[in-house]
Structures are given as C-alpha cells and as structure tokens.
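As the structure is a computational prediction, the values presented were derived from the model and not from experiment.
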Amino acid sequence: MTDQTQLTDKKIICLGEALIDRLGTIGSDPLIDPAAEDYFGGAPANVACALSKLGVNVSFLGRLGDDEIGKNFSNLMSANGVDIKGLQIDPLRPSRVVLVKRNIKGDRSFHGFIDDRGMGFADQALQINDLKNIWPAISDGTKWLVVGTIPLAYKLSSESLLWAIDSAYQSGIKIVLDINWRPTFWNPNASSKAGPNAMNLASIKPIFRYISLLKLAKEEALWFFNTDDPAKISLSLGQNPDVVITNGGETIHWYIKGLLGETLPTGDVDVVDTTGAGDAFIAGLLYQYLLKDISNENSYGIDNMIRFASICGLLVCKREGAI
C-alpha cells in the first residue's frame, strides 16, 4: 500500500465547469424564491475541492467570468488548496448561475440558467490555445484527468475538452469520465428528466474509447448502453475500463479489474441536499486508486474502496451545497 504522505506527488487534473447552484427552498422555484441561496458548484470543481481536502495534489482547468462570482470562486479553490494556474477568466461572458430545485427528499433537478448577457457563459468558452499553453506545466506528473460531458454541449469548450482528452491519453494519463448527463446544458428548454437524443449520443460516445474509469448513474447506463450491468458495459468498450454504476442511496454495482461486485452504501444521514454527492464519490474513489495498488486488490478490497467513496458522497448530503 502507498504511504498516504506520498499522495501529494500524484497529481490529478479536473477539467470543466465551475458555476453557481442557486438553490431554492424545498419545493420552491429558485428563480422567484426570495430565500434561494447561491452555492459554489460544477462537477469538476466539486471533485477538485474534494480531492484537495483528501490531501491530493489537484489542478483545476476551466473558465469563469470576470465578475464577483469568478473572484470568489477563485479564492475558494485557492483556499481549498486547488492549483488554479490553469483557470481562465473571460472578460465578456459571465460566470454561470444554474437554477436548482429540491424535493422533500433533498433530490435536486436543474431548471435553466440566469444572467446570460447574450454571449453565453464563461465555462462554455474554454479557450484551447490558453489550454495548450498551460498544459505542459500542469500535466507533468499527472496520473488522472477527470472530465464530464457538459463541455461537449458547446463548440469552444468541446474543442478544448477533446484536445485535453487526446493529449492526456497520448501521454499515458488515465482518464475518468463521470457522464453527469444534464439535459438543460444541451437544450435550455429540455425537461430536467430528459434523456440524450441521437445527436447528444453522437457527441458523447466517441470519448468512451479513451477512458480507464467510467462512473455513471443507473439511468445513464440505460440511456447510453441499454444495460445497467457494469461488466457488459466494460466489455462493450475496447479498452475494458473499470465501470461503477450508482443509484442514489441504493446498491452500487461495479466491474473493476475484471472483478464484478456490488456494494451497499455505508452510513445513514438526514439528507438535506444531494447536489455534489456523485462528485464527492468520484473524489473518494480516485483517492483510493492513488492510495492502493489496485492490481493487487481482491473483491473485498475493492468493496472497501467503494464504501469509502460512498461515505464521501454521503457527507456532502448533510448540508446544502456541493463544496
């Protein structure tokens, strides 16, 4: 087992969106709810902050607006120990604010954005040339690149994401993909429960061949692979990535290093807000990948890794906000 003190030498890059979740009170519309509050979010930013709290050397690559949100978010990530040398600041587009509704169980759904000035939001304009310039310094010594699918919804951020994935793959950096399907980003008028259409699938599926670890929710597994069997999903992809399928607080199904298993999440808390739980899960799991020699783990050891990750996710549900 790796000495935990050596984790700072094992770098991870998180690339994608940083944004604000405007969270309404339970059952309310955050657009008009006077009690709605703003929380820092965005899956890659959430993962980056969680990894840093676990003692991992982590960098964030993304783009924020030259506004109060951008300044405060930059300060937050720095305070959490995240390397933000690769953070871009957009002089024209604002930081994104997402409207988030919650039900009585604390489950959230996304219902569009506000404060667009007519050019979209900063995160969707991630600049490939700036990324190329910073990449050599950021990627040196990196073990994992963490990405989601949201940047693929926009031309500029898609170009940047695809370049980063290819560059990481060519240099031997492992790639973890959390599908994190959010229909509102692809179509602001779409239902928050809508699945991907043929065009969405055509944009997303090509990156599957690059990944070493795939994390997806049960409904995402059915949408993208027509099965929720992690072994079948892995074996359908040429490089046979590790696959983890979550289902809220239900049993987690996984296929890792050729071993098939299932893990019932450990612990019990009063759920306040589930936003960011999956991101904390990813951070906890990657921490375990760095800490252990996964090739020597048996089913029992992998089960413990998944349990640790599920506890990380559970802790985020104890209060509002993702970070």
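Going from atom NZ of K292 over to atom OH of Y287 covers 9.0 Å, rounded to the nearest 0.5 Å. Note that the CG atom of L237 and the CG atom of L214 stand 7.0 Å from one another [nearest 0.5 Å]. The CG atom of D303 lies 11.5 Å from the CG atom of L259; values are rounded to the nearest 0.5 Å. Summarising the geometry, atom SG belonging to C14 is positioned 9.5 Å from atom CG belonging to D279; distances are rounded to the nearest 0.5 Å. Separating the CG atom in D166 from the CD1 atom in I207 is a distance of 12.0 Å, to the nearest 0.5 Å. Distance check, rounded to the nearest 0.5 Å: CG of L222 to CG of D228 gives 5.0 Å.
In this structure, the side chains of R182 and N180 come closer than 4.5 Å at one or more pairs of heavy atoms. Side-chain contact between V244 and I306: present, with at least one pair of heavy atoms (C-beta onward) separated by less than 4.5 Å. Considering only heavy atoms from C-beta on, P44 comes within 4.5 Å of E17 through its side chain. Between V146 and I13, every side-chain heavy-atom pair lies at or beyond the 4.5 Å cut-off. For the pair I294/M305, a side-chain contact is recorded, criterion being any heavy-atom separation below 4.5 Å from C-beta on. Here the side chains of W144 and I175 are not in contact, with every heavy-atom distance at 4.5 Å or above. Taking 4.5 Å as the limit, every side-chain heavy atom of Y255 sits out of range of all side-chain heavy atoms of I302. Using a 4.5 Å heavy-atom threshold, the side chains of L286 and L54 count as separate.
A donor and an acceptor atom, one from each side chain of D242 and Y289, are located under 3.5 Å apart. Under 3.5 Å, the side chains of T263 and W254 contain a donor-acceptor pair of N or O atoms.
The backbone N or O of A125 sits less than 3.5 Å from a side-chain atom of Q127, completing a donor-acceptor pair. Using modelled atom types, one side-chain atom of R209 and one backbone atom of P206 make a donor-acceptor pair closer than 3.5 Å. Between the side chain of S160 and the backbone N or O of L126 there is at least one donor-acceptor pair closer than 3.5 Å. Remark: side-chain polar atoms of K11 are paired, donor with acceptor, to backbone N or O of I138 under 3.5 angstrom. S203 places a side-chain N or O within donor-acceptor distance of the main-chain N or O of M199, the cut-off being under 3.5 Å. In this structure a side-chain-to-backbone donor-acceptor pair under 3.5 Å is missing from S52 to A48. Using a distance-only test at 3.5 Å, with no hydrogens or angles considered, a donor-acceptor pair links the side chain of N133 to the main chain of N129. For S234 (side chain) and P230 (main-chain N/O), no donor-acceptor pair under 3.5 Å exists by modelled atom type. Side chain of N80 to backbone of V82: no donor-acceptor contact under 3.5 angstrom is found. Proximity of a side-chain donor or acceptor of N200 to a complementary backbone N or O of N197 within less than 3.5 Å is detected.
Ring centroid separation for the pair F113 and F185 comes in under the 6.0 Å cut-off. The six-membered or imidazole ring of F73 lies away from that of F60, with a centre-to-centre distance of 6.0 Å or more.
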*asked:* For D66 and R93: C-alpha separation, side-chain torsions, deciding distance, then whether salt bridge (Lys or Arg N to Asp or Glu O under 4.0 Å) applies.
replied: CA-CA 8 Å; D66 187 12; R93 301 170 185 86; over 6 Å; no
*Take L145 and K174 through the side-chain contact (heavy atoms from CB on, under 4.5 Å) test and state the conclusion after the steps.*
CA-CA 6 Å; L145 170 66; K174 294 180 179 180; over 6 Å; no
*ring-ring contact (aromatic ring centres under 6.0 Å, His included) between F308 and F281, worked out*: CA-CA 8 Å; F308 179 89; F281 178 93; over 10 Å; no
*asked:* side-chain hydrogen bond (donor to acceptor under 3.5 Å, both in side chains), that's the test. Do N75 and N72 meet it? Break it down for me.
replied: CA-CA 5 Å; N75 292 337; N72 290 339; 4.6 Å; no
*Going through the distances and angles, do I165 and V147 end up as a side-chain contact (heavy atoms from CB on, under 4.5 Å)?*
CA-CA 8 Å; I165 288 174; V147 298; 4.3 Å; yes
*Checking side-chain contact (heavy atoms from CB on, under 4.5 Å) for the pair S236/F225: CA distance, chi angles, key distance, verdict?*
CA-CA 9 Å; S236 74; F225 296 96; 4.1 Å; yes
_Apply side-chain contact (heavy atoms from CB on, under 4.5 Å) to residues I114 and L99 and explain how you reach the verdict._
CA-CA 8 Å; I114 59 170; L99 301 173; 3.8 Å; yes
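Within the hydrophobic cluster formed by Ile, Leu, Val, Met, Phe, Trp and Tyr side chains joined at under 4.5 Å, directly or through other members, L156 stands alone, with no partner residue.
Grouping the Ile, Leu, Val, Met, Phe, Trp and Tyr side chains by contacts below 4.5 angstrom, directly or via other members, places M119 apart from I150. When the side chains of ILVMFWY residues are joined at heavy-atom separations under 4.5 Å, either directly or via intervening members, I282 and L290 end up in a single hydrophobic cluster. Note: the hydrophobic cluster containing L92 does not contain I89 (ILVMFWY, side chain heavy atoms under 4.5 Å, direct or indirect links). Note on L162 and L201: same hydrophobic cluster, where clusters join Ile, Leu, Val, Met, Phe, Trp and Tyr whose side-chain heavy atoms are under 4.5 Å apart, directly or indirectly.
No more than 12 heavy-atom neighbours from other residues, nucleotides or ligands sit within 6.0 angstrom of CG on D140. The number of heavy atoms from other shown groups lying within 6.0 Å of CD (E250) does not exceed 12.
For the salt bridge (charged side-chain N to carboxylate O under 4.0 Å, His left out) condition, the pairs that include at least one residue of residues 116-127, sequence neighbours left out, are R96-D123.
Results of the side chain to side chain contact (heavy atoms under 4.5 Å, CB included) test with I245 over I233, I252, T227 single out I233 as the only residue that passes.
W223 and W181 have perpendicular rings, their planes meeting at more than 60° on a 0 to 90° scale where under 30° would count as parallel.
Every residue was checked against the salt bridge (Lys or Arg N to Asp or Glu O under 4.0 Å) condition with D67, not counting sequence neighbours, and none meets it.
In terms of heavy atoms, P151 sits closest to G16 at CG-CA, 4.2 Å.
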